[in-house]
Amino acid sequence: MSGRILGISGPTVTVDLKGLKLYDMVRVGEAMLIGEVVRLEEDRAVVQVYEDTRGLGVGEQAKGVNVPLTVRLGPGLLSGMYDGLQRPLERLREETGPYISGGRELHALDLERPWRFFPLKQAGDEVAEGDILGHVEEGPFRHLISAMENGRIASIHPGEFTLAGPVGTYADGRVIQAHQEWPVRKPRPYRRKLSPQAPLVTGQRSIDFLFPFARGGTAILPGGFGTGKTILEQAIAKFADVDIVVYVGCGERGNEMAELLEEFVTLSDPWTGQALMTRTIVVANTSNMPVAAREASIYTAVTMAEYYRDMGFHVLLLADSLSRWAEALREISSSLEEMPGEEGYPTYLASRLASFMERAGVVETLSGSIGALSMILSVSPPGGDFTEPVTQACLRTAGAFLMLDTALAHRRHFPAINWFQSYSLYERDMVEHFSATVSPRWGEMQKRCRELLQREETLREVAEIVGIEGLQDADRLLMKAAERIRLEFLSQNAYTEDAFSAPDKTLAMIGDILEFYDRAEARLKAGEFLDDVLKG
Ligand SMILES: Nc1ncnc2c1ncn2[C@@H]1O[C@H](COP(=O)(O)OP(=O)(O)OP(=O)(O)O)[C@@H](O)[C@H]1O
Ligand SMILES: [Mg+2]
C-alpha cells in the first residue's frame with residue numbers, strides 16, 4: 001500500500017493512504033522514516049513520525065505496512081542498549097555515525113549469534129499458545145521459549161541454532177521460531193493478576209524501612225530540578241533485589257546515559273555477583289534524539305519487561321523521567337490540533353498513564369509460573385510544583401509516592417525523600433514480611449523511628465522560639481537521636497560503600513541509634529548531665 005505525503009506539521013504527517021488501521025505502522029519519505037497512524041479520515045491518515053521530520057517534503061512517498069509498531073522479543077535482549085524504537089544503538093552508531101539518521105531497519109536481535117536450544121517438548125506433542133517449548137541459556141538466565149500459536153509439533157531440534165532459522169515445525173507446515181514480534185501498545189497476556197505480596201528490596205534505607213516497595217508494585221519519584229532523581233533511579237537499578245532491570249532514559253541528558261553504561265559494565269549485581277549488564281536492558285531516548293520516539297520508548301521498554309516477566313522472572317522497569325514522556329505526548333497532541341486540557345496536556349494524559357502503569361503487577365503466566373513487573377518512575381514537576389498534571393495523574397495510580405524534597409537536596413541530604421509527605425500503600429504488608437524474615441522488631445522500630453522524627457519536628461518549632469538552650473535535656477537528647485537518624489540512617493551517599501544497604505544492615509543501624517537513645521535517656525533519668533551522656 002503506497003501513497004504520498006500531503007502535509008507535514010512538526011512530527012505529524014498527513015498521507016493519502018486508505019485502508020489503514022489506527023496505530024498501523026507507516027514508512028514516510030524517501031528516508032523511510034518510521035511512524036504510526038494516530039488519526040484516520042475518509043481518504044487520508046495522520047501519521048505520528050518517530051524520527052526527525054526535517055528534510056521531509058510534501059509529495060514524497062508513504063508506505064503502509066499493515067502492522068502496528070512492534071518490538072522483537074527473543075534471546076539476546078539482555079545487556080542490550082536500544083533507542084525508543086528498539087534499534088540497537090551500538091550497531092546504529094557503527095552504521096550511521098553519532099547522528100542517527102532516520103529509517104534504519106536494524107534488527108533488535110543478533111541473527112547470527114549461535115544459541116543452544118534445549119527442547120522440553122517433542123514431535124507429536126500438542127501445544128497451546130504460551131506453553132513452554134524449551135529454553136536457551138542467556139547468561140545466567142534460563143530464557144524460556146514458548147509457543148506463539150496452538151498446534152501439533154512435527155519436529156523440534158535440540159542443539160545449536162541461530163535466530164535466523166527455525167527451531168522446529170508444526171504438523172501443518174508452520175515453522176516454530178525462538179523469537180517473535182509483539183505490538184508495543186498491547187499488554188502481553190497472562191492468566192491472572194495476583195496482589196503484591198513480597199517486598200522489592202531497593203537497598204535504600206529510607207525506602208526499605210519507611211516506605212517499603214512491593215514486587216509488582218508501582219512507585220513514583222517526583223522531584224524538582226537537581227533533587228537526585230537520576231542518581232536514585234540508577235542506584236536502584238544497580239542494587240535492587242530483582243532478576244532483570246529495564247532502564248529507560250526518557251528525554252534526559254545523553255551524557256548521563258553514557259556514564260551509566262560506562263559504570264554498569266564494571267559493576268556486579270550485589271545479590272548474585274554476576275556482571276550487572278547481564279541482567280540489564282537499557283532503552284535510551286535522550287534529549288538529543290527525536291522527541292516523538294520518546295512517546296514510544298516507554299512502551300518498547302515495558303513490552304520487553306513483560307516478555308521476561310512471562311518467563312517467571314521478577315523484572316523492574318525504571319523510567320527517568322515520565323514528565324519528558326508526557327511532554328512528547330503534549331507536543332504530538334498539539335500538532336494534531338486536539339483540544340488541550342490542563343497546561344496544554346491532552347485530556348487523555350491521565351488515562352494513558354494509568355493504562356501504562358496497569359502493565360505492572362504480579363501475574364500467573366500463561367505457562368503457570370509466577371512473574372512480576374514492578375515500576376519505579378521519576379517525574380520532574382516544573383518548579384517543583386507537585387500540583388501539576390503529570391504528578392497528579394501519576395499519584396492517582398501509583399502505589400508508592402516518594403517525594404523528593406528540594407530543601408533536603410539543598411542541605412545535601414540524599415536521597416532527598418521527604419519522610420513526612422511520602423507514603424507507600426504496600427507498607428503494612430511489607431512490614432509484616434520484614435518482621436517475619438529479618439526481625440520481629442522491624443515494625444516496632446519503624447514506628448519509633450517515625451515518632452522520633454515527628455517529635456523532632458515539633459521541638460524544632462519550639463526551639464526556633466526559645467532557642468535550643470531553652471529546651472529541656474530530655475528534648476535535646478531526642479533531637480540528637482533524630483539528627484542521627486537523619487544524617488546516619490536516612491542519608492545514603494551514592495558514591496560510597498554505603499550506597500547499598502541490605503535489610504539486616506538497615507535494621508542493625510536503626511537498632512544502634514535507638515539503643516543509644518534508650519541508654520542515654522536512662523542515664524539522664526538517673527541524674528547524669530546531658531553533656532556527659534552525649535560524650536558516651
Ligand atoms: N544519593 C546521593 N548521594 C550523593 N549525592 C547525590 C545523591 N543524589 C544526588 N546527589 C547529588 O545531587 C546532584 C543532582 O542529582 P541528580 O542528577 O540525580 O538530580 P535530578 O533530580 O536527576 O536532576 P534533574 O532535574 O536535572 O534531572 C548529583 O550530581 C549529586 O551531586
Ligand atoms: Mg535527572
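The model shown is predicted, which means the values in this text are computed figures rather than measured ones. Counting starts at 1 for both ligands and their atoms, in listed order.
In terms of N/O distances under 3.5 Å, ligand 1 is not approached by F225. An N or O contact shorter than 3.5 Å links G228 to ligand 1 by distance. Backbone and side-chain nitrogen or oxygen atoms of I231 are examined, and one is located within less than 3.5 angstrom of a nitrogen or oxygen of ligand 1.
Heavy atoms of R412 found under 4.0 angstrom from ligand 1 belong exclusively to the side chain.
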So Q446 and E427, side chain to side chain donor-acceptor pair (under 3.5 Å) or not? Walk me through it.
CA-CA 11 Å; Q446 191 219 43; E427 185 180 328; 3.2 Å; yes
Verdict with reasoning, K447 to E444, per salt bridge (Lys or Arg N to Asp or Glu O under 4.0 Å):
CA-CA 5 Å; K447 227 168 110 197; E444 158 221 323; over 6 Å; no
Could you walk me through whether D208 and K505 pass salt bridge (Lys or Arg N to Asp or Glu O under 4.0 Å), step by step?
CA-CA 11 Å; D208 297 341; K505 174 178 169 188; over 6 Å; no
Audit row: L73, E306, side-chain contact (heavy atoms from CB on, under 4.5 Å) steps and yes/no
CA-CA 10 Å; L73 303 170; E306 284 176 341; over 6 Å; no
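With rounding to the nearest 0.5 angstrom, the CD atom of E233 is 8.5 Å from the CG atom of L316.
Each of the following atoms of ligand 1 lies closer than 4.0 Å to a heavy atom of G226: 14 (C), 19 (O), 20 (P), 21 (O), 23 (O), 24 (P), 25 (O), 26 (O). Remark: ligand 1 atoms within the under-4.0 Å shell around heavy atoms of A494 are 1 (N), 2 (C), 3 (N), 4 (C). Near Y495, meaning under 4.0 Å from one of its heavy atoms, ligand 1 places the atoms 4 (C), 5 (N), 30 (C). Shown in contact with R253 at under 4.0 Å from a heavy atom are these atoms of ligand 1, numbered in order with element: 24 (P), 26 (O), 27 (O).
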Under 3.5 Å donor-acceptor pairs involving side-chain atoms of residues 404-415, not counting sequence neighbours:
{"residue": "D405", "atom": "OD1", "partner": "A407", "partner atom": "N", "Å": "2.8"}
{"residue": "D405", "atom": "OD2", "partner": "N418", "partner atom": "ND2", "Å": "2.8"}
{"residue": "H413", "atom": "ND1", "partner": "S491", "partner atom": "OG", "Å": "3.2"}

Cut-off 3.5 Å, no hydrogens considered: what does the side-chain donor-acceptor table look like for residues 239-250, sequence neighbours left out?
{"residue": "D243", "atom": "OD2", "partner": "H314", "partner atom": "N", "Å": "2.8"}

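In this structure, the side chains of L377 and F356 come closer than 4.5 Å at one or more pairs of heavy atoms. At least one side-chain heavy atom of L453 sits under 4.5 Å from a side-chain heavy atom of L490.
When only non-hydrogen protein atoms are considered, atom 6 (C) of ligand 1 lies nearest to F414 CD1, 3.3 Å. Closest protein heavy atom to atom 25 (O) of ligand 1: K229 NZ, 2.9 Å. Looking from atom 17 (O) of ligand 1 to the surrounding protein, the closest heavy atom is E256 OE2, 4.0 Å. Scanning the protein heavy atoms around atom 27 (O) of ligand 1, the nearest turns out to be E252 OE1, 3.4 Å. Remark: minimum distance from atom 1 (N) of ligand 1 to any protein heavy atom is reached at Q492 O, 3.3 Å. The shortest contact between atom 22 (O) of ligand 1 and any protein heavy atom is with T230 OG1, 2.7 Å. Nearest protein heavy-atom contact of atom 4 (C) of ligand 1 is N493 OD1, 3.4 Å.
Evaluation of the side chain to side chain donor-acceptor pair (under 3.5 Å) rule for E259 yields no partner, not counting sequence neighbours.
The distance cut-off of 2.8 Å around the Mg ion (ligand 2) captures these protein N, O or S atoms, sorted by chain and number: T230 OG1.
Side-chain atoms of T300 and Q86 include no donor-acceptor pair closer than 3.5 Å. A side-chain donor from one of T272 and D269 sits under 3.5 Å from a side-chain acceptor of the other.
The residue from Y426, F213, Y423, F211 that alone fulfils the ring pair (Phe, Tyr, Trp, His ring centres under 6.0 Å) condition with F401 is Y423.
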